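All values derive from a computational prediction rather than experimental measurement.
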Amino acid sequence: MPSGARQFGPIRRDFLKLLDEYKLDATLLELDTPGVTLLHCLPDWQCIFSDNVAVAHRRLDVL
């Protein structure tokens, strides 16, 4: 796990569990949410859009 992702602890585990449980392969989150920072740290997620309001990521290893 990338070192930047370790700082999230239970939030990381719960957030990623939800993404897996609902088989989400893309996200659209407000710019200042912890999920954005977490997804930026993970190698299996790619940022595909970002502006001053929101960030979109896609999963590289589609379920």
Side-chain angles (χ1 to χ4, degrees):
M1 161 186 355
S3 61
R6 287 190 188 107
Q7 68 183 334
F8 292 94
I11 293 170
R12 175 187 182 277
R13 186 174 46 252
D14 293 344
F15 182 69
L16 295 179
K17 182 179 174 183
L18 284 173
L19 295 176
D20 289 344
E21 183 178 332
Y22 290 99
K23 296 181 175 30
L24 298 175
D25 60 2
T27 64
L28 180 61
L29 301 171
E30 288 185 63
L31 180 63
D32 59 354
T33 61
V36 169
T37 305
L38 174 59
L39 292 175
H40 278 321
C41 294
L42 299 175
D44 52 339
W45 286 87
Q46 175 186 35
C47 179
I48 56 174
F49 174 82
S50 180
D51 66 12
N52 63 338
V53 176
V55 178
H57 287 86
R58 74 178 183 104
R59 188 188 302 251
L60 297 176
D61 64 340
V62 177
L63 298 173

Identify all side-chain donor-acceptor contacts of residues 42-49 below 3.5 Å with residues at least two apart in sequence or on another chain.
| from | atom 1 | to | atom 2 | distance (Å) |
| --- | --- | --- | --- | --- |
| Gln46 | OE1 | Arg58 | NE | 2.8 |
| Gln46 | OE1 | Arg58 | NH2 | 3.0 |

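- Grouping the Ile, Leu, Val, Met, Phe, Trp and Tyr side chains by contacts below 4.5 angstrom, directly or via other members, places Tyr22 with Leu38.
- Nearest heavy atom pair, residue Leu29 against residue Gly35, reads CD1-C, 4.0 Å.
- Residues Arg59 and Asp20 have side chains in contact (heavy-atom distance under 4.5 Å, counting atoms from C-beta outward).
- In this structure, the side chains of Val55 and Leu39 stay at 4.5 Å or more apart for every pair of heavy atoms.
- Annotation: the span from Cys41 atom SG to Arg12 atom CZ amounts to 9.5 Å, rounded to 0.5 Å.
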